Amino acid sequence: MLDSIVTAAEGAEVGAVLLVSDGADRSKDATLERIAATGMRVHTVGVGTDDGFSDDAIVDVRADATGFVHQETRVRVELRSSKPRTTLTVFLRRDGEILEQVSVALDDTGKGYAELSFTPNRPGRAAYEVYLPSRGDDDVPENNVAAFLVNVRRDKLRVLHVAGRPSWDERFLRAFLKKDPSIDLVSFFILRTSTDLTMAAPGEMALIPFPTDELFSEHLESFDLVIFQNFNFGPYDMAPYLPRIRDYVRRGGAFAMVGGELSFAGGGYAETPLAEVLPVVMPPSSSSPARQFVFDRFRPVLDAAFARHPLVELRPDALGNQQAWARLSPVEGANVVDGVRPTGDVLLRHPTYPVAGGTLPLLVVAQVDRGRVLALTTDSSWRWGLTTGGATGDASAYGTFWDHALRWLAMDPLLDPTRLRVDAERLAPGESFDVQGVARDRHYIPLTEALAWTVERADTHAAVSAGTVRADARGGSRGVRRRPWRRGVPHHAQGPGGIALTEELFVVGAGASELANPWPNAALLRAVAERTGGKHFASLGDVPRLTDIDATRERVVGRKTMAPLATPWAFAILVALLAADWALRRRWGLR
Amino acid sequence: MQSPSTQKRAFVGQLAAVGAAVLGVLAILPSTVRSLGPGTDVEVRVVRYADGRGAAYESAPKRMAWEVRKRTSVETKLTADQSRFDDPRIFESPFLYWSGREGFPAMSEAETVGLRRFVEFGGFVLVDDARPEKGEFLASVRRELARALPESPLHVLPPSHTVYRSFYLIDRPVGRVEGPAELLGLEAGERTAVVVSAHDIGGAVARDNLGAWEAEVSPGGSEQRERAERLVVNLVMYALCLDYKDDQVHAPFIMRRRGRLP
């Protein structure tokens, strides 16, 4: 309200304003002093009354726009009720699930504040709601709910790296993980086994027990990614913990198994709960070595269906990528798998070793419920670094591969095959917006056919608008302007029709909704009138004729300085007078 | 009653049957696979340099690999190939053993580049002076390291360096000779990529074909030899695990064992 008064005065000669309002005001910058400085006289007329008015309202919600996985995010909610000195219960929810509830005692003016918190566990944009259950006599139930968005990022990726024995494969992976400051690494390597002859007392060695219970009971959920690298669980009594790791993956964790003679079937995993989430089918653990392993050197080949998968993208162009893989030093040996689970995607294969469905899978990934898994069946990927570097001068492939692998396992949204971006997170009712996106199928092949999109309400899934769009040859970004609409709840934008490929969230609702503060504010109206020299009228019926309100005010608009003798005419007249004076003097003989 | 020959044939037949059953059982049980291929084993590869010189003690690299395999979970290759720094095969093994007794002429440009790349791409070099009393070999190595890696000077590794606790808790390095109280090192990023010893570690572990020690260890005898073998294990373990033993989870255990914590 006050903002509108100041705006009206800018650049205009306004002598007086007649303001008819209930006094509700959510101005950010305007103050009574600024209004008085405009020189306008503001006459105010009050409308509305709070007699018999009942309302509980969420006035304002303050939350950080950015949150971090596994870190608490706080929300501050300003409340107001027409019933002072009562208690309101505020709920925080996401996707209909209540995350927290807090009871707030309101003060004598009916105001109060609630502090709530939540801990995101996945990256990406998330919509949350705070709401007040209606007490039955609420005259404005629309202000009982407020939505807000939080962009959740990973501050640090917490990785547990377990290796069954030190090896070059373990060495280079550890070096890669340690080098990245965004990774919080916890490592445990089995440096000796019960059959090793250390020739020393325990006190002479720097070895510590392997804390299985602490890692896999207490702290498992704190890790974003667990890596088993050539690690066999049997000697460490870890069988009871394998179901926990399986469930951890299903709840959203990431798990990677890296090959070696102690991995996959060689590590006894074929008949364990972990086999339920691994994307490969393993031969029985009792199989012969010839059944479980290949021992030759070979260069992996890209699987034709997933050659564009970001995990195996060493070069951005398809041909360059094929050539880059062909230049890598060969790996040596692999764990044999009998096949791939229906959810598994094979990215790399042995060039010739036959198995059902093709040749031996070397790199397989899968989404398992809310988590992700990766199976790499060789223990010499380190050769893509040092050995390839020695042969070609370029040792970067190893780091590129594992960087992509970690980001995919951590569900980096930028690696999703399809994604959308709305040009604003919060929109006002009636405001138009643009949507851009990348559209690729699950094989990361650009979708160039027409795609269907929908915008729907998050609470009812009712479609608000729909249409089609065509992506370019790269499946890349394409701006599309959408029609405006008038709802005040989160909305989704969906990809192609039939099966939604992706969605993006945004909130529709004015940032300073009048509904959040519906009480009449006669005191403010009186203050504005007094401060500006105007008059206040309690109701429309009290307002006299405009001619009785209007007033004339003199105002100095400026000062103009004139120099009449500085003009050419003045100069000419002066010269003429002087000439006439001289002529007359000569005529009259005067000096 | 059966004749002795018949009894003997029956006994042999029973023995054969038992043997066949044992062989059958052994056939069912999977053999132990130590690695997915010799290339995945940890090899102590020898640097060939100058006029074809290799390790000062030919058996030392194999003995080092054997000690590591015996004492730890690491699978090692018990044969030691040799490569020059300008040979691409040097990149097949991230652990190089460079030893000698005498000074040598400057390496070629290709060897210098190879050494530099080996270190930059993640390799580890153990330099072992087999005649530290003269120091000529070490002087030549210093020269070559300065040429190949001028931005990373050699420096003393402090007693707190991970190499002294990567497997065993070691107070100081020793080899065939007691030598200086410290090792020298050269850094590449966050790791020590080259470790230089003036203790003739190879001389302490080398054995001849009959299994006899090739050199006497002085002044500490067999106890010093054991400490030299532990140093070998620590060096290989450091090359494989880097600063793993510096991780916070290990700190209280190590401090307690060193007597610095109750």
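What you see is a predicted model, and the numbers here were worked out from it, not measured in a lab. Letters A, B, ... are given to chains in the order of the sequence lines, protein chains preceding strands, and every chain is numbered from 1.
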Task: Which atom of B:Arg69 lies closest to which atom of A:Asp196, heavy atoms considered - done: O-OD1, 4.0 Å

- [ ] Would you indicate whether the side-chain heavy atoms of B:Arg71 and A:Arg192 approach each other to under 4.5 Å?
- [x] no

Task: Side chain, backbone, both or neither of A:Arg291 within contact of chain B (heavy atoms, under 4.5 Å) - done: neither

Task: B:Tyr168 side chain vs A:Thr198 backbone, donor-acceptor pair below 3.5 Å - done: yes

- [ ] Determine the minimum heavy-atom distance between A:Ala200 and B:Arg230, stating which atoms define it.
- [x] CB-NH2, 3.3 Å

Task: Top contributor to chain A contacts, counting heavy-atom pairs under 4.5 Å, from B:Glu229, B:Glu92, B:Glu226, B:Met237 - done: B:Glu92

Open item on the list: For a 4.5 angstrom cut-off between non-hydrogen side-chain atoms, does B:Leu240 reach A:Trp168?
Closed with: yes

TODO: Measure the acute angle between the ring planes of A:Phe189 and B:Tyr244, then classify it against the limits of 30° and 60° as parallel, tilted or perpendicular.
DONE: parallel

Task: A:Phe172, part contacting chain B, at a heavy-atom distance under 4.5 Å - done: side chain

Task: Under 4.5 Å from any heavy atom of chain B - which part of A:Phe293 - done: side chain

Open item on the list: Please give me the minimum heavy-atom distance between B:Thr40 and A:Asp379, naming the atom from each residue.
Closed with: CG2-OD1, 3.4 Å

Task: Among B:Pro94, B:Gly37, B:Ser166, residue most engaged with chain A (heavy-atom pairs, under 4.5 Å) - done: B:Pro94

TODO: Counting only heavy atoms closer than 4.5 Å, note whether A:Lys178 contacts chain B via side chain, backbone, both or neither.
DONE: side chain

Task: A:Met199 vs B:Glu67 side-chain heavy atoms within contact, under 4.5 Å - done: no

TODO: Look at A:Ser167, A:Pro166, A:Gly333 and state which one has the largest set of heavy-atom pairs under 4.5 Å with chain B.
DONE: A:Pro166

Task: Under 4.5 Å from any heavy atom of chain B - which part of A:Val331 - done: neither

- [ ] Sort A:Ala290 into side chain, backbone, both or neither according to what part of it lies under 4.5 angstrom from a heavy atom of chain B.
- [x] neither

Open item on the list: Quick check on the interface: out of A:Pro211, A:Gly393, A:Ala163, A:Ser396, who has the most heavy-atom pairs with chain B under 4.5 Å?
Closed with: A:Gly393

Task: Nearest heavy-atom neighbours spanning B:Phe91 and A:Trp382 - done: O-CZ3, 4.3 Å

